[in-house]
Amino acid sequence: MTSEPVTKLPEAEYRSVWDRFYAEFAFRPSVNPTEWPAIKEPADSVTWSLASLDEDPGHMRLDRFVAVVEQGLTACVEPAARLFALDWQHVSYSFAPHRVGGHGQEPWPLSPYPDGDYYVYLSGDFRLGSFGHPWESSVCLFGQELLDTVAAEVEDVLGPPLRRAGRRLPVT
């Protein structure tokens, strides 16, 4: 275990974490809408469209969304815990959320907002996290503790969810 707040995943760990993610979430990367969602969304998950952030001059709602998810992930893990920040087919990281993002600290690696590629945050035991889908322009948050912590505020920022537990919700 490293004492650095953010570390690049070594190749063997990178492969191991991604292999486990592919297996546990049935990850199917695709730009084809008929093949979305790209993961088997867990029973304790909610997925929101990010389209409402397209018309966000000054990025105030985007910044709020990112802050809410980061704060929620931090609140849901122990102070010594580390999270994975995965960027599909790119450098990925292990980091200590309680030691990043504050004044004088390193920034969070990546973002819950998928900026051109799949971005994934995962707890070490894979029980909670986020999955950002760049082509669907969506984010899936999973883990009941995380949802209890952030869902109301995320819905306030992004609007009503697209899916719960992988099931599309009726449009209201």
Exercise. Going through the distances and angles, do N32 and S30 end up as a side chain to side chain donor-acceptor pair (under 3.5 Å)?
Worked result: CA-CA 5 Å; N32 184 344; S30 176; 5.1 Å; no
- Can you hop from L73 to V17 via hydrophobic side chains spaced under 4.5 Å? no
One should read off an interatomic distance between E145 CD and D44 CG, to the nearest 0.5 angstrom, of 11.0 Å
Practice task
Output yes when K40 and E24 qualify as a salt bridge under the 4.0 Å nitrogen-oxygen rule, no when they do not.
Solution key: no
Heavy atoms of S137 and A51 approach each other most closely as OG-N, 3.9 Å
Are side-chain heavy atoms of P114 and L50 found at a separation under 4.5 Å? yes
Within one Ile-Leu-Val-Met-Phe-Trp-Tyr cluster: F21 and L146, side-chain cutoff 4.5 Å
no
task = Find out if a path of hydrophobic residues (ILVMFWY) with successive side-chain heavy-atom gaps under 4.5 Å connects V69 to L53.
result = yes
Just checking, is any N or O donor in the side chain of S45 or R164 under 3.5 Å from an acceptor N or O on the other one?
no
request  = State plainly whether the residues R163 and E41 are in salt-bridge range, i.e. N to O under 4.0 Å.
outcome  = yes
| query | Backbone N or O of H59 within a donor-acceptor pair of the R64 side chain at under 3.5 Å? | reply | no
Closest heavy-atom pair, L86 versus S92, reported as atoms and distance to 0.1 Å, is CA-OG, 3.4 Å
Residues P5 and E106: closest non-hydrogen pair is CG-OE2, 3.5 Å
Evaluate the criterion side-chain contact (heavy atoms from CB on, under 4.5 Å) for residue pair T47 and V139; output intermediate values, then yes/no. CA-CA 6 Å; T47 300; V139 65; over 6 Å; no
Original post:
Linking I/L/V/M/F/W/Y whenever any side-chain heavy atoms sit under 4.5 Å apart, do V46 and L158 land together?
Top reply: yes
| request: Decide side-chain contact (heavy atoms from CB on, under 4.5 Å) for L83 and W108; before the verdict, give the C-alpha distance in whole Å, the side-chain angles of both, and the deciding distance to 0.1 Å. | output: CA-CA 10 Å; L83 297 176; W108 275 58; 4.2 Å; yes
Only one of Y119, Y22, Y14, Y118 passes ring-ring contact (aromatic ring centres under 6.0 Å, His included) with W88, and that residue is Y118
Legend entry - E55 bridged to R61 by N-O distance under 4.0 Å: no
Rounding to 0.5 Å, atoms CG (D117) and CD (Q89) come to a distance of 7.0 Å
Here the pair of heavy atoms bringing F84 nearest to E13 is CE2-OE2, 3.5 Å
Check: Hey, is the main chain of E70 close enough, under 3.5 Å, to the side chain of T74 for a donor-acceptor pair?
Finding: yes
Minimal heavy-atom distance between P97 and V77, with the atoms involved, is CG-CG2, 3.7 Å
**Asked** Where does the angle between the aromatic ring planes of F142 and F25 fall among parallel (under 30°), tilted (30 to 60°) and perpendicular (over 60°)?
**Response** tilted
NE2 (H98) and CD (Q105) are apart, to the nearest 0.5 Å, by 11.0 Å
Q. Does V120 reach the side chain of S130, with side-chain heavy atoms less than 4.5 Å apart?
A. no
**Item:** Heavy-atom neighbours of E11 CD exceed 12 at 6.0 Å
**Value:** yes
Between D125 and S123, does any side-chain donor sit less than 3.5 Å from a side-chain acceptor? yes
- Does one hydrophobic cluster hold both V66 and V68, with members joined at side-chain heavy-atom distances below 4.5 Å? yes
Taken to the nearest 0.5 Å, the spacing of L62 CG from Y113 OH works out to 6.5 Å
> Does atom CZ of R15 have more than 12 heavy-atom neighbours from other groups under 6.0 Å away?
Replying inline: no
Output for pair (S111 OG, F65 CZ), nearest 0.5 Å, gives 7.0 Å
Minimal heavy-atom distance between G143 and L128, with the atoms involved, is CA-CB, 4.0 Å
Query raised in the report: Is the Lys NZ or Arg CZ of R82 less than 6.0 Å from the centre of F95's six-membered ring, within 45° of the axis?
Result: no
d(E35 CD, W135 CH2) to nearest 0.5 Å is 12.5 Å
Looking at F131 versus Y121, is the centre-to-centre ring distance below 6.0 Å?
no
